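Because the structure is predicted, anything quoted here is derived from the model rather than measured.
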Amino acid sequence: MIQNTKVKKTGKGRRRDWVLGVGLMAWLIGFVFRIPLSRMIGDKGIGFFAAAMEIFALSSAVMCYGISKAVAILVKYRAKRDMYKSARKIYQSALVFTVLISVLAALFVFFFSEFIAQTFILEYRGYLAIAAIAPAILLSGLLGVMRGYLQGMGAMMPTVHSRLLEKFIMFVAGLLLAAALFSYGEKVAALLRDTEYAAAYGAMGASIGVCIACGVAILHMLLIRLIYAGTFKQQVMGDTAKYVESNGQVISTFFSAALPYMVCALLYNIHNLADQRVFNYVMNKQEKGSIRVAHWGVYYGKYSVVTGIVAILCTMAAISAIPRIAQMYDKQEYGEVKYRIGSAVHNLAVLTIPCAVWVAVLAKPIVGMLFKGDQDTAVKLLQTGSGVIVFFTFGYFLMLLMQRIRKIRMVILGGLAAFLIHLVFLFILISTTKLGIVAVALGLMVFWLVVCVTGFVGAVQYMQYSPEWIRTFGVTAAASAASGLVGMLLCKVMISWAGGIATFLICIIVCILIYIVLMIVLRGIREDELEEMPGGRVIVVLAERVHLL
């Protein structure tokens with residue numbers, strides 16, 4: 001049996017964990033950004049902003065992640081072997097390719113924004129936000145190459161700070177410009193007697209804020225590049241490699257490395273745009289076009305925000321295990337690999353399953369605390385689709401692990417299967433039922449469920465992992481259901497007279513206490529596992545005082 005041994009982290013290990021966490025933190029800030037934004041520009045404004053933001057997110061994922069990842073890997077490989085001239089060629093080739101593609105994409109989005117909004121998205125007034133986001137598409141591509149090069153050359157922390165700076169500027173500038181242009185849009189709406197213009201202009205302001213954030217990030221990266229310019233020049237002059245790759249070899253190597261990551265980024269980020277197109281199409285067919293933009297705003301600005309924030313916070317608890325598991329896999333220490341995967345999966349289950357239950361049963365006070373506008377639809381979405389918290393967290397963790405052990409084909413096939421299956425499921429469900437936007441939430445759950453299943457298949461196939469179904473999932477689900485039932489009954493009693501905030505705080509505390517007690521009593525979690533979790537040592541001490549341990 002593999003014993004649990006605590007690993008003391010070195011400075012390098014802590015930096016690695018920080019780098020992994022920053023990607024999720026940046027994603028988290030993007031979700032939090034939508035909370036005040038939805039209060040400013042309303043559900044319709046978020047509905048118009050959604051298409052623009054997803055176009056940017058898709059291009060940013062393909063360029064900023066896909067190309068950045070490839071550049072970082074290729075440059076790092078050559079820098080370790082003192083092949084600095086070849087590393088510089090990789091950077092230059094990637095920069096030329098990215099500039100060319102990004103410029104074409106940005107020009108297309110800007111000049112054909114009305115066509116994109118009307119034909120691809122079926123949301124005409126979203127063209128203002130789509131046109132405004134075009135510069136960010138170009139800038140995000142440049143950011144990806146620059147960050148990838150600096151990471152490959154060993155300057156990891158400046159790129160991390162750049163991502164956080166970008167999100168902070170987006171948060172501030174996006175909200176300020178959304179408020180200013182929403183106010184201007186109200187005047188336009190009064191003049192044209194069409195209230196949707198206020199929401200559309202507010203969405204455009206948020207898009208401009210995203211562009212400003214990317215511009216500031218570019219300036220920051222140029223400053224970092226200037227600081228390191230002397231060091232990089234000395235490295236190139238001191239290149240000791242006997243062989244310098246030709247331009248043809250560099251281009252071929254770059255494309256072969258970048259393409260898989262770009263495909264992965266495309267498959268895992270295109271579903272929101274596809275879902276909005278399907279939803280708008282069916283709503284128009286069912287003569288419900290008047291509510292479609294507001295309902296999509298509720299889905300994108302309320303449901304996705306709550307489930308996304310909770311899922312990311314849960315993921316952060318286990319993400320640091322991935323590099324160590326990958327290292328042990330490379331060393332063929334399969335016993336330790338199986339133990340650490342089991343430990344990470346158990347920790348994720350202990351966090352995500354109760355969180356999904358509590359979000360569902362406490363949906364009403366949660367929505368009341370955070371949002372204005374249509375709250376009933378948001379509550380219905382959370383009650384129906386909170387399971388995505390579990391599926392996303394496991395799917396993200398396992399697919400990132402597959403990527404780290406170089407099983408990229410499994411990641412691509414999983415993403416492709418998830419996209420196609422969820423798209424067929426969504427179209428059939430939304431066309432044959434009256435679920436409307438709820439069908440989109442169910443479709444999202446199907447997407448991440450397929451990803452999750454594929455990830456488990458990969459872990460079993462490549463790492464001989466055997467899940468503890470009863471203790472990890474059965475006991476956890478039973479304890480979560482019991483605590484959720486108590487929370488639901490208490491919420492119904494309190495919500496009418498105590499208000500949303502007080503109801504949520506009291507109910508969530510009661511739910512957590514009941515859940516922890518049941519998990520300890522039912523042996524769903526051991527003392528050593530508790531001690532490894534944030535705040536677990538305090539729980540162990542309290543449990544010992546009341547003789548639960």
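Nearest heavy-atom pair across Thr454 and Val450 is OG1-O, 2.7 Å. Ala203 approaches Gly45 most closely through the heavy-atom pair CB-O, 3.5 Å. Between Gly500 and Ile495, the closest heavy-atom pair is CA-CD1, 4.1 Å. Annotation for Ile412 and Leu267: closest pair O-CD1, 3.4 Å, computed over non-hydrogen atoms. Closest heavy-atom contact between Ala326 and Arg404: CB-CB, 4.0 Å. Listed here is the closest heavy atom pair of Gly342 and Tyr465: CA-CE1, 3.6 Å.
Put simply, CD on Gln383 and CG on Leu381 are 9.5 Å apart, with the number rounded to the nearest 0.5 Å. Taking CD1 of Ile430 as the reference point, atom OH of Tyr281 lies at 12.0 Å (rounded to 0.5 Å). Here the CE-CG distance, from Met63 to Leu58, works out to 9.5 Å after rounding to the nearest 0.5 Å. A distance of 10.5 Å separates CG of Leu435 from CG of Leu426, quoted to the nearest 0.5 Å. Atom NZ of residue Lys69 and atom SG of residue Cys264 lie 10.5 Å apart, to the nearest 0.5 angstrom. Atom CD1 of residue Ile508 and atom OG of residue Ser483 lie 8.5 Å apart, to the nearest 0.5 angstrom.
Under the 30°/60° scheme for interplanar angles, the aromatic rings of Tyr329 and Tyr334 are found to stand perpendicular. Between Phe33 and Phe49, the ring-plane angle classifies as perpendicular under the 30° and 60° cut-offs.
With Ser386 contributing its side chain and Ala356 its backbone, the two residues share a donor-acceptor pair below 3.5 Å. At distances below 3.5 Å, not a single donor-acceptor pair connects side-chain atoms of Tyr396 with backbone N or O atoms of Ile319. Side-chain N or O atoms of Ser207 include one that pairs as donor or acceptor with a backbone N or O of Ala129 at under 3.5 Å. At least one donor-acceptor pair closer than 3.5 Å links the side chain of Ser68 to the backbone N or O of Gly144. Tyr268 contributes a side-chain N or O that, together with a main-chain N or O of Gly415, makes up a donor-acceptor pair within less than 3.5 Å. A distance-only check finds a donor-acceptor pair linking the side chain of Ser38 to the backbone of Arg34 [under 3.5 Å]. Although no hydrogens or angles enter the test, the distance criterion places a donor-acceptor pair under 3.5 Å between the side chain of Arg523 and the main chain of Ile520. Listed for the Thr472 side chain is no donor-acceptor partner under 3.5 Å among the backbone atoms of Trp469. Ser59 places a side-chain N or O within 3.5 Å of a backbone atom of Phe56 that can act as its donor or acceptor partner. Panel note: side chain His295, backbone Arg292; no donor-acceptor pair is recorded below 3.5 Å.
Using a 4.0 Å cut-off between charged side-chain N and carboxylate O, Asp43 and Lys302 make a salt bridge. A salt bridge links Glu468 with Arg471: the closest approach of a Lys/Arg side-chain nitrogen to an acidic carboxylate oxygen falls below 4.0 angstrom. Salt bridge status for Asp376 with Lys364: absent, with no side-chain N to carboxylate O gap under 4.0 Å. Between Glu166 and Arg147, at least one side-chain N (NZ, or NE/NH1/NH2) sits under 4.0 Å from a carboxylate O, which counts as a salt bridge. Residues Glu336 and Arg324 are not paired through a salt bridge, judged by the lack of any N-O separation under 4.0 Å between the basic side chain and the carboxylate.
Lys492 NZ: 12 or fewer foreign heavy atoms inside a 6.0 Å radius. In this structure, Ile501 places its CD1 atom where only 12 or fewer heavy-atom neighbours from other residues, nucleotides or ligands lie under 6.0 Å away. Environment of NZ in Lys167: crowded, with over 12 heavy atoms of neighbouring residues, nucleotides or ligands closer than 6.0 Å. Within a 6.0 Å sphere centred on CZ of Phe473, heavy atoms belonging to other residues, nucleotides or ligands number more than 12.
Phe392 pairs with exactly one of Trp448, Phe397, Phe447 by the ring-ring contact (aromatic ring centres under 6.0 Å, His included) rule, that one being Trp448.
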Criterion side chain to side chain contact (heavy atoms under 4.5 Å, CB included) on Ile121 and Arg277, from CA distance to verdict
CA-CA 5 Å; Ile121 311 298; Arg277 176 60 164 79; 5.7 Å; no
Working note: Lys44 + Asp374, criterion salt bridge (Lys or Arg N to Asp or Glu O under 4.0 Å); need CA distance, chi angles, decisive distance, verdict.
CA-CA 10 Å; Lys44 285 190 175 182; Asp374 184 358; over 6 Å; no
Yes or no on side chain to side chain contact (heavy atoms under 4.5 Å, CB included) for Val345 and Phe394, after CA distance, side-chain angles and deciding distance?
CA-CA 8 Å; Val345 168; Phe394 278 106; 3.6 Å; yes
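When ring centroids are compared, Trp296 and Tyr300 stay outside the 6.0 Å threshold.
In this structure the side chain of His422 reaches within 4.5 angstrom of the side chain of Asp275, judged on heavy atoms. The side-chain heavy atoms of Val306 and Phe31, taken from C-beta on, include no pair separated by under 4.5 Å.
Geometric assessment of Arg39 against the ring of Phe371 yields a negative cation-pi assignment under the 6.0 Å and 45° thresholds. A cation-pi arrangement is present between Lys407 and Tyr462 under the rule of less than 6.0 angstrom and at most 45 degrees off the ring axis.
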